[in-house]
Structure formats: C-alpha cells, structure tokens
Amino acid sequence: MVPIGDGNAKIPMEIYTSIKWDSYTMATRNLLSAVFPRHILATHSLSGNRSPAFPNKPAKEKLDPKLVHDIVKTVVEKCGVPENIVRKAITSKCADETKMLRHRQKNKIE
C-alpha cells in the first residue's frame, strides 16, 4: 500500500503506478475508486450539504475530509492543476456513481 497526500489515505501500489497523471479527471476518479467503495461514492458528497439543484432531497453524508484532502493534494501536485477543478471532478464522480447505483437498483427490480 502506498500513502498519498498527507498519508491518511493508502492505495495499492499497482493502482498508483497505473494512474495516468496527464489527465487530472481520470487520476482523480482512479484515486477515488481506490480509496472509497462505490456505494460510499454513490451515497456521499464532497460537502455534505443539500444540493441546490434538488432542494427537496435530503443532504448526503460528507466524504471523509482527510481522505478527500489526500486525493486533492496528490492530484494537484502530480497534475499541476488548481484544487477547485479537482474538487469538481470529485463532485462529478459522486454524481455519476449515484446515477449508476439508481440504475442498478432499477434493473434489479425489473
């Protein structure tokens, strides 16, 4: 296992060495998948706040801030991109996982 960021998050060496650092979005998504299980990404959000797009839905739980910090710090350093776009990529990955979870649950029912 390889520690990333400040060392709170650890990922398998094989995953770390396979990451293509020329794409910050793919690097962020790969690190997220290595640190968090899919169901956590689908049921949690970056901020833990209620979505302004869906004010009638309850807020999701917040992803562990220490682990998120490690991912953001690693991608910022390795890809040379600003923190805010890495955080947007995290938000996007969580939204995608939420959609995929809903799709899997819908197909299980049918």
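Only heavy atoms go into these numbers, but all of them, side chains included; no hydrogens, no water, no symmetry mates.
Summarising the geometry, atom OG belonging to Ser92 is positioned 10.0 Å from atom CG belonging to Leu32; distances are rounded to the nearest 0.5 Å. To the nearest 0.5 angstrom, Ile15 atom CD1 is 10.5 Å from Ile4 atom CD1. Going from atom CZ of Arg87 over to atom CD1 of Ile71 covers 11.0 Å, rounded to the nearest 0.5 Å. Glu97 contributes atom CD, which lies 6.5 Å from atom CZ of Arg104 (distance to the nearest 0.5 angstrom). The structure places CD of Glu14 at 11.5 Å from CD1 of Ile19, a figure rounded to the nearest 0.5 Å. In this structure, the separation between CG on Leu63 and SG on Cys94 is 4.5 Å, given to the nearest 0.5 Å.
Side-chain contact between Val68 and Val35 is absent, with no heavy-atom pair separated by less than 4.5 Å. Side-chain contact between Asn30 and Ser33 is absent, with no heavy-atom pair separated by less than 4.5 Å.
Nearest heavy atoms, Pro58 versus Arg50: CA-NH1, 4.2 Å. The nearest pair of heavy atoms linking Tyr24 to Ala89 is CE1-CB, 4.4 Å. Nearest heavy atoms, Ile11 versus Ala34: CG2-CB, 3.6 Å. A pairwise comparison of heavy atoms in Ala59 and Gly48 identifies CB-O, 3.5 Å as the closest pair.
Applying the ring pair (Phe, Tyr, Trp, His ring centres under 6.0 Å) rule to Tyr16 yields the partners Trp21; only residues at least two apart in sequence or on another chain are considered.
Judged as a side chain to side chain donor-acceptor pair (under 3.5 Å), the pairs with a partner in residues 51-69 (not counting sequence neighbours) are, in order, Asp6-His69, Lys60-Thr98.
If you run side chain to side chain contact (heavy atoms under 4.5 Å, CB included) between Leu31 and each of Leu67, Val75, Val86, Ile90, only Val75 comes through.
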